[in-house]
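Shown next, in structure tokens, is the structure this report addresses.
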Amino acid sequence: MPALRVRFAPSPTGNLHIGGARTALYNWLMARGGDGTLVLRIEDTDRERSTPQNVEQILDALRWLELDFDEGPISQVSRSDRHQDVLRRLLEDGHAYRSTATADDVRAFKDEHGADRGFRGEDEAQGAVRLRVPDEGATVVHDIIRGDTTFQHVHLDDPVIARADGTVLYNFAVAIDDLDSEITHVVRGEDHLSNTPKQVLVLEALGVQPPLYAHLPLLHGPDGKKLSKRHGAASVQELRDAGYLPAAVRNYLALLGWGADDDATILSTEQLVAQFDITRVQRNPARFDEQKLRWLNGRYMRELSLDELTRLLEEHTGRTGLADAVAISHEKIQTLADFWPLAGFIFDGPSDDAAAREKWLDVDGLGALGEARTALEHVDPWTVEGIEAALRGVIESRHAKPKDVFQPVRVAVAGTTVSPGIFETLSVLGREETLRRLDAALPRA
RNA sequence: GCCGCCAUCGUCUAGGGGACUAGGACGCCGCCCUCUCACGGCGGAAACCGGGGUUCGAAUCCCCGUGGCGGUACCA
């Protein structure tokens, strides 16, 4: 039994999308759970898109997700000498040939022959390099999620494996790189399934065994369409900006296409590593549901200590001295990004919600506010309990409903109808600032 | 067009011939808690794509249809 070796091989086209992130996670879980090795390879044969910045974005996303790798990153381009060697060998032994046939030529051929025959070119000693597909038989892809898939050779065209200028193409480079990295399990998106026989054929031409495959179901947006920016946070970068926690993202992503034996929903990374089983992965595509991620993230946020949450929020907002405000907001936010809209008024002053003022700072509201101001002035010491007692006293003397006093006060200090608990908020604000804000909301005497 | 993959509540899933009056989670609805928003608690509505088989028995196996998705590049 050879050691488990898996790989994550993104092409650096920009942000790491959540589909790619899940592929990385599944590979990582397999490696970590099975004493395996995870190899990172950058598929950078498309020179246009493979900029150093794009590569750095991928690495950055993996770092944020806290998914480490054991070997690499290996640049596919850096292996071109090896690719050329193999290419030459296939050309020499007749498994590949040069042909000037174009995509249009192949299309014309297909139009004529339909599904009866795959395109087979003539060896013209020049042009692009095509791999010779046997006329008879079939290539079977062994997939540990989907079982065996058979591709009849008559349906396969001889694939181009290198351009006329000699540079190799994806389906060739992948096969060689996986071979040289001694990858035992190729775990990747289902969009690669149809091209897998080309890779298997390359390996068979070299007389070596292909690895086992595991093609993961694709991830779609809430509308079932391909995931994109318009679906909200679709990349790791956006997830981070939206204030999600890496552990929550890992948990959620793991559940997109896989479920634990006991159908548990909240699984720590340790539990994921211990329980993840690639053979239990779903075969049908999953939709990315940000609402569930939000809920899950909220659960993780509430597990955090105040110190840790404060640290993360100060990092996220770029502000300091948030500890008290965090303490009274802890239960009310689901993402790091939720904090400032809820509690930012404590630092930046009341927000300006005209509808809220109109509704709660009417004649009655201002009356309650005036009494509240007087009552609060004498609170000593300035504690949550003292503040509550004072405000409840106002309710009693006015024979009012609680909200008829609390909401005007809230609108006066926060500028809007939503905030952390009112007593806690005033406590954090301090007597001076509280009275200042109440006075500002009251008509001049 | 051709080749291929897929198909359980709105969503993620459990289920791998009888344990299914189909279970859990998010979301939704109602109630409770309550100073707003949340949190928490309780309860509810909500699914086996359709049609044929196989079988004593099918959500589970097979076939067809339908639908979704992917591939079909001298992209990755």
Side-chain angles (χ1 to χ4, degrees), chain A residues 9-13 43-46 48-50 76 99-103 106-107 110-111 113-116 118 127-130 141 143 146 149-152 154-157 159-171 173-174 189-198 215 217-218 220 222 224-226 252 255-266 282-296 298-299 302 329-334 338 342 356 360 388 391-392 395 401-407 409-411 414 416-423 425:
Chain A
S11 51
T13 53
E43 307 271 339
D44 53 1
T45 50
D46 182 342
E48 295 281 309
R49 294 184 285 183
S50 301
Q76 193 156 57
S99 163
T100 59
T102 63
V106 175
R107 165 70 58 183
K110 299 296 283 186
D111 285 346
H113 296 282
D116 301 335
V129 180
R130 285 183 188 271
V141 174
D143 190 298
R146 285 156 212 282
T149 300
T150 301
F151 295 85
Q152 297 296 332
V154 290
H155 294 147
L156 262 31
D157 301 323
V160 174
I161 56 176
R163 301 180 179 90
D165 68 6
T167 56
V168 299
L169 261 27
Y170 173 76
N171 286 119
V174 165
E190 192 203 320
D191 49 337
H192 290 282
L193 181 58
S194 294
N195 281 324
T196 304
K198 299 176 187 174
H215 286 96
L218 262 19
H220 293 154
K225 301 297 181 190
K226 204 173 167 68
Y252 178 69
L255 259 18
L256 243 32
W258 172 81
D261 296 319
D262 59 357
D263 217 11
T265 302
I266 312 253
Q282 196 81 10
R283 283 187 289 270
N284 50 314
R287 300 183 190 204
F288 176 68
D289 176 16
E290 196 167 346
Q291 294 212 88
K292 188 162 184 175
L293 207 210
R294 280 190 66 85
W295 168 80
L296 198 54
R299 294 285 302 246
R302 272 170 257 128
S329 307
H330 199 176
E331 298 283 301
K332 297 176 182 292
I333 55 179
Q334 287 185 308
D338 287 347
L342 178 72
W360 293 103
E388 175 163 8
L391 292 181
R392 292 213 185 272
I395 291 168
K401 284 185 286 188
K403 69 164 58 166
D404 290 330
V405 172
F406 296 146
Q407 284 300 74
V409 173
R410 189 188 312 280
V411 172
T416 185
T417 56
V418 177
S419 82
I422 193 64
F423 319 127
T425 297

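Just so it is clear: chains get the letters A, B, ... in the order the sequence lines come, proteins before strands, and each one is counted from 1.
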Identity of whatever pairs with B:A22 - Watson-Crick or G-U, under 3.5 angstrom = none
A:Arg410 has a side chain; which of B:U13, B:U72, B:U36 sits nearest to it?
-> B:U36
If only side-chain N and O atoms of A:Gln282 are considered, is one of them under 4.0 Å from the OP1 or OP2 phosphate oxygen of B:U8?
-> no
Report the distance from atom CZ of A:Arg130 to atom OG1 of A:Thr100, rounding to the nearest 0.5 Å.
-> 9.0 Å
To the side chain of A:Val418, which of B:C37, B:C6, B:C35 is closest?
-> B:C37
side-chain contact (heavy atoms from CB on, under 4.5 Å) filter on A:Pro285, not counting sequence neighbours, yields A:His220
Candidates B:A25, B:C74, B:U36 - which lies nearest the side chain of A:Gln407 = B:U36
Over how many whole Å does the gap from A:Asn284 atom CG to B:C5 atom P extend?
-> 15 Å
Considering only atom C1', compute the distance from B:A59 to B:C49 and round it to an integer number of Å.
-> 12 Å
Nearest-neighbour nucleotide for the A:Lys403 side chain, B:C35, B:U72, B:A76 considered = B:C35
Polar-atom pairs under 3.5 Å, protein N or O versus N or O of nucleotides 60-70 of chain B: list them with distances, or write none.
{"unit_1": "B:C69", "atom_1": "OP1", "unit_2": "A:Lys225", "atom_2": "NZ", "d": "3.2"}
{"unit_1": "B:G70", "atom_1": "O2'", "unit_2": "A:Asp191", "atom_2": "O", "d": "3.4"}
{"unit_1": "B:G70", "atom_1": "N2", "unit_2": "A:Ser194", "atom_2": "OG", "d": "2.9"}

How would you list, by chain and number, every residue that makes a salt bridge (charged side-chain N to carboxylate O under 4.0 Å, His left out) with A:Asp338, sequence neighbours excluded?
-> A:Arg294
With sequence neighbours excluded, residues passing salt bridge (charged side-chain N to carboxylate O under 4.0 Å, His left out) with A:Lys292 | none
Nearest-Å distance once atom C1' is located in both B:G15 and B:A25 | 16 Å
Which whole number of Å gives the distance between the P atom of B:U60 and that of B:G50?
-> 10 Å
Just to confirm, is there a sub-4.0 Å distance from OP1 or OP2 of B:C75 to any side-chain nitrogen or oxygen of A:Arg163?
-> yes
Side-chain contact check for A:Lys332: nearest option of B:A38, B:C74, B:C5 is B:A38
Whole angstrom is fine here: how far is it from CG in A:Leu256 over to P in B:U13?
-> 6 Å
Using a cut-off of less than 4.0 Å, is there contact between a side-chain N or O of A:Ser419 and OP1 or OP2 of B:C37?
-> no
Please list, chain by chain and in numerical order, all residues satisfying side-chain contact (heavy atoms from CB on, under 4.5 Å) with A:Ala164, sequence neighbours excluded.
-> none
Considering only heavy side-chain atoms of A:Asn195, the closest of B:A76, B:C6, B:C74 is B:A76
Pick the C1' atom in B:U13 and in B:G27, then give their distance to the nearest Å.
-> 14 Å
When rounded to the nearest Å, what value does the distance between P atoms of B:C62 and B:G18 take?
-> 16 Å
Across every strand shown, the nucleotide meeting Watson-Crick or G-U wobble geometry with B:A38 (both distances under 3.5 Å) is none
Of the non-hydrogen atoms in A:Ile266 and A:Leu296, which two are nearest, and what is the gap between them?
-> CD1-CD1, 3.7 Å
Say you pick atom P in B:C37 and the same atom in B:G51; how far apart are they, in whole Å?
-> 47 Å
On a whole-Å scale, what distance lies between the C1' atoms belonging to B:U55 and B:G17?
-> 8 Å
Hey, which of A:Ile422, A:Leu391, A:Ile395 is the one that makes side chain to side chain contact (heavy atoms under 4.5 Å, CB included) with A:Pro402?
-> A:Ile395
A:Asp157: salt bridge (charged side-chain N to carboxylate O under 4.0 Å, His left out) partners, not counting sequence neighbours | A:Lys110
Using a cut-off of 4.0 Å on non-hydrogen atoms, how would the nucleic acid contact of A:Tyr252 be classed: base, sugar-phosphate, or nothing?
-> nothing
What is the nucleic acid contact for A:Thr45, judged by heavy atoms within less than 4.0 Å: base, sugar-phosphate only, or nothing?
-> sugar-phosphate
Would you tabulate the nitrogen or oxygen pairs shorter than 3.5 Å linking the protein to nucleotides 27-33 of chain B?
none

Give one of base, sugar-phosphate or nothing for A:Pro217, where a contact means two heavy atoms less than 4.0 Å apart.
-> nothing
What interatomic distance, in whole Å, is found between C1' of B:A45 and the corresponding atom of B:G16?
-> 29 Å
Which residues pass the side-chain contact (heavy atoms from CB on, under 4.5 Å) test with A:Glu388, sequence neighbours left out?
-> A:Arg392, A:Phe423
B:C69 -> Watson-Crick or G-U wobble partner, both distances under 3.5 Å, gives B:G4
Shortest side-chain distance from A:His155, nucleotide among B:A14, B:U36, B:C3 | B:C3
Quick one: look up who B:A47 pairs with, Watson-Crick or G-U, both distances under 3.5 Å, and put none if it's unpaired.
-> none
Please check the phosphate of B:A73 (OP1 and OP2 only) for any side-chain N or O of A:Arg107 closer than 4.0 Å.
-> no
Sugar-phosphate only, base, or nothing, as touched by A:Ala103 at under 4.0 Å among non-hydrogen atoms | sugar-phosphate
Pairing residues for A:Asp262 by the salt bridge (charged side-chain N to carboxylate O under 4.0 Å, His left out) criterion, not counting sequence neighbours | none
